[in-house]
Amino acid sequence: MAEPKKDYLSSLASEIEKKPDSFKEEKVERIVKPKRSLDPKIMIGAAAALIIAIIGVYFLFFAPKIKVENFVGKTTNDVGIWAKENGIDTKNIVMNQVYSMDYDADQIISQNKKEGSKIKKDSTLIFEVSKGADPDEKIDFPDIKSMTLDEINDWISKNKLSKVKVNTVYSDTVEKDQVISFDLKSVNENNFTRGTNLTISVSKGPQPAGEVTVDDFVKKEVSSAETWAKSKKVELEIVEVYHDTIATGLVVSQSIESGKTMKQGDTLTLTVSKGKAVKVPQLVGYTKDQLEAWAANKENAVSIVKKEVYSDAPAGSVISQSIKAGSQVDSGTVLELTISLYMPQLQTNSREYLGKDYLALNAWVDDVNYRGASITAGAWDGEECSDEYPTPGQIISYHCMANDGTDLPHGCDRPLPLNAKIGYKKSTGGCTPKPEEPKEVQIGLTPLGSEAAMKSFCDTNKLACSFNYVSTKDPEGAGKEDGQILVKKGGEPVDPNTKVKAGDALSIDVFYNPDKLNEPDKDKNDGTQNTSEGSPAAE
């Protein structure tokens, strides 16, 4: 059973009993004195004192003592610290979260206890807490590319866009505070919300030029200077020169000495060796042997390309060169030399082109002209028939002339001068007519069905035809019909589509029925009488 509660005075007495004897009041013997009547004023004062004491006990032990602060605009962490300092159990604190455009996330929007009111430790406190702006709310997407950095920041702040990130970078092409690019993640501009990820790159303008210390590049590979210049943001200008002692690709000198400083973006000029120069002499007039001797010298390390043309210069001599005499060139430079072939030679004997097709002569002319001979040829002597050269187009005769049309004294056997002419006569064919070749004709179907028609076919086409009459009662005629014929060539039956020509020999078997000899020959009603040997009529 629970112990009955004591009043405030009783609790004080209990506390006194617990104290040591030295703190206890001395025990006083009560002396009974004669009763006196109490003064009313004393009684009223005593009653007032008692009331005050009771009120004091209430405020001391039972009245709410914790003064509530104004948390609007503060964070939930501020509430937690205050609750801990005042011994308030956080279980009695309720946080209701709502979206808000006026308060940032985790800020207190309102509270159920007014500022200055007092509460007990077990009182329930209710706060409305901001979750920030609604991330799913659609936001109008502006023309980002035309906005400045300040305009973008105002847009972000006004719309509380927590997922928009602005990066500022140096740019030599886009003005300061202007947009370089932007990147939308997962959505397009029409579906942009407050929670959409957006990255915007804004120009900081050109990067300020810093100072760099120049390295020593003399007699080093130019590639090392290129790597250095790129890393230091320095422009590099290369000037190539010939040098007798410094190898190709090594730096001969630099415009700024090593150890000195220069600004980023400025230009460092490097003079780079192209190696030892090849000096090209006057090669025009060199003979074949002289040119070979010059090219064999290792110091003359050029790549020679020869072009051979016909000219009046000795064969093998140099006529022209592509690089001017006295020039200095790189090792391996292509040097084009024009070499003389001397004059073109048409033939080695005076009858070489007789009987050849005129097109073969024209082909030779085209070949030498490709190499500068400038020779012309044509059938200036006309054309005629020739039994010696009966094929049309064959050359019957030809002669060689100077450019003015006069015949050359040595004909066509010696080298021809440039711009020479060759006149020829060509054959139109043989003069004696050739016997006409007999035409081929197709036997056809009609001759196979009529002896008389076959005889007419043989006479018309001048064929050597022999007719053999075979009885249908003989073994050879078994199965044949009266009047049927069979054409043979070389002893073998031929197809009706077989072609023959005049002079060809044909053998025709004519089948007859002995029982019908006295009947009229329907195929002979044209008046033709068969008198061939062995015919039934002859018998």
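If you check the side chains of T338 and S320, you find a donor sitting under 3.5 Å from an acceptor. A donor-acceptor contact under 3.5 angstrom links the side chains of Y398 and Q347, judged on distance only. Between the side chains of D150 and N153, no donor-acceptor pair is found at a separation under 3.5 Å. For the residue pair D289 / T287, no side-chain donor-acceptor distance below 3.5 Å is found, with atom types taken as modelled. Side-chain contact annotation: S157 with D154, donor-acceptor N/O pair under 3.5 Å absent. Judged by distance alone, the side chains of D78 and T75 do bring a donor and an acceptor atom under 3.5 Å apart. A donor and an acceptor atom, one from each side chain of D106 and T76, are located under 3.5 Å apart. Side-chain atoms of S253 and T271 include a donor-acceptor pair closer than 3.5 Å. For the 3.5 Å distance criterion, the side chains of Y310 and N369 fail to qualify, holding no donor opposite an acceptor.
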Exercise. Side chain to side chain contact (heavy atoms under 4.5 Å, CB included) between I119 and K113: does it pass, once the steps are laid out?
Worked result: CA-CA 9 Å; I119 60 170; K113 300 294 183 181; 4.1 Å; yes
Exercise. Would Y353 and W364 satisfy ring-ring contact (aromatic ring centres under 6.0 Å, His included), going step by step from the backbone distance to the final call?
Worked result: CA-CA 11 Å; Y353 275 90; W364 178 86; 7.0 Å; no
Problem set entry | side chain to side chain donor-acceptor pair (under 3.5 Å) between T193 and T196, worked out | CA-CA 5 Å; T193 65; T196 301; 3.0 Å; yes
Problem set entry | Criterion side chain to side chain contact (heavy atoms under 4.5 Å, CB included) on F127 and V94, from CA distance to verdict | CA-CA 6 Å; F127 296 94; V94 179; over 6 Å; no
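Heavy atoms only, all atoms of each residue included: K276 and Y242 are closest at C-CD2, 4.3 Å. For the pair V129 and M95, the tightest heavy-atom approach, listed with the atom from each and the gap, is CG2-SD, 3.4 Å. For the residue pair I304 and A295, the shortest heavy atom distance occurs at CD1-CB, 3.7 Å. Considering all non-hydrogen atoms of both residues, L408 and P417 come closest at CD1-CD, 3.8 Å. Of all the heavy atoms in D134 and Y99, the pair that sits closest is CA-CD2, 3.6 Å. The two residues P142 and W155 have their closest heavy-atom pair at CD-CZ2, 3.4 Å.
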Under 3.5 Å, side-chain donor or acceptor atoms of residues 80-91 against the rest of the protein: list the pairs with distances, not counting sequence neighbours.
unit_1	atom_1	unit_2	atom_2	d
N86	ND2	W82	O	2.8
D89	OD1	K91	N	3.1

Please set out all donor-acceptor pairs under 3.5 angstrom arising from side-chain atoms of residues 375-383, sequence neighbours excluded.
unit_1	atom_1	unit_2	atom_2	d
D381	OD1	H399	NE2	3.4
D381	OD2	H399	NE2	3.0

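Separating the CD atom in E69 from the CZ atom in F71 is a distance of 4.5 Å, to the nearest 0.5 Å. A distance of 12.0 Å separates CG in L250 from CG in L270, rounded to the nearest 0.5 Å. For the atom pair OH (Y103) and CD1 (I108), the distance works out to 10.5 Å, reported to the nearest 0.5 Å. The distance from atom CG of N112 to atom CD1 of I126, rounded to the nearest 0.5 Å, is 4.5 Å. Note that the NZ atom of K307 and the CD1 atom of I319 stand 10.0 Å from one another [nearest 0.5 Å]. C431 contributes atom SG, which lies 10.5 Å from atom CD of E388 (distance to the nearest 0.5 angstrom).
Looking at Q394, its side chain does come within 3.5 Å of a backbone N or O of G355 through a donor-acceptor pair. Within the 3.5 Å criterion, the main-chain N or O of K165 finds no donor-acceptor partner in the side chain of T199. Q178 contributes no side-chain N or O that, together with a main-chain N or O of E175, makes up a donor-acceptor pair within less than 3.5 Å.
Between K279 and E299 no salt bridge is recorded (no basic side-chain N to carboxylate O distance below 4.0 Å). For the pair D330 and K274, the salt-bridge criterion is met [side-chain N within less than 4.0 Å of a carboxylate O]. Between K425 and E384 there is a salt bridge, since at least one side-chain N of the basic residue sits less than 4.0 Å from a carboxylate O of the acidic one.
More than 12 heavy atoms of other shown residues, nucleotides or ligands fall within 6.0 angstrom of atom NZ in K145. Within 6.0 Å of CZ on R371 lie more than 12 heavy atoms contributed by other residues, nucleotides or ligands. In the displayed structure, D140 atom CG is contacted under 6.0 Å by at most 12 heavy atoms of other residues, nucleotides or ligands. Within a 6.0 Å radius of NZ in K232, other residues, nucleotides and ligands contribute 12 heavy atoms or fewer.
Looking at heavy atoms from C-beta onward, L283 lies in side-chain contact with L335 at the 4.5 angstrom threshold. I238 is listed as a side-chain neighbour of V222, based on a closest heavy-atom distance under 4.5 Å. With a 4.5 Å cut-off on side-chain heavy atoms, L341 and V309 do not count as touching. T269 has its side chain within reach of V239: a pair of non-hydrogen atoms, C-beta onward, lies under 4.5 Å apart. Residues R194 and K160 form a side-chain contact, since some pair of their non-hydrogen atoms from C-beta on lies under 4.5 Å apart. Between F182 and S201, the closest side-chain pair of non-hydrogen atoms is not below 4.5 Å. At least one side-chain heavy atom of F141 sits less than 4.5 Å from a side-chain heavy atom of L184. Contact check for L354 versus I396: no side-chain heavy atoms found under the 4.5 Å cut-off.
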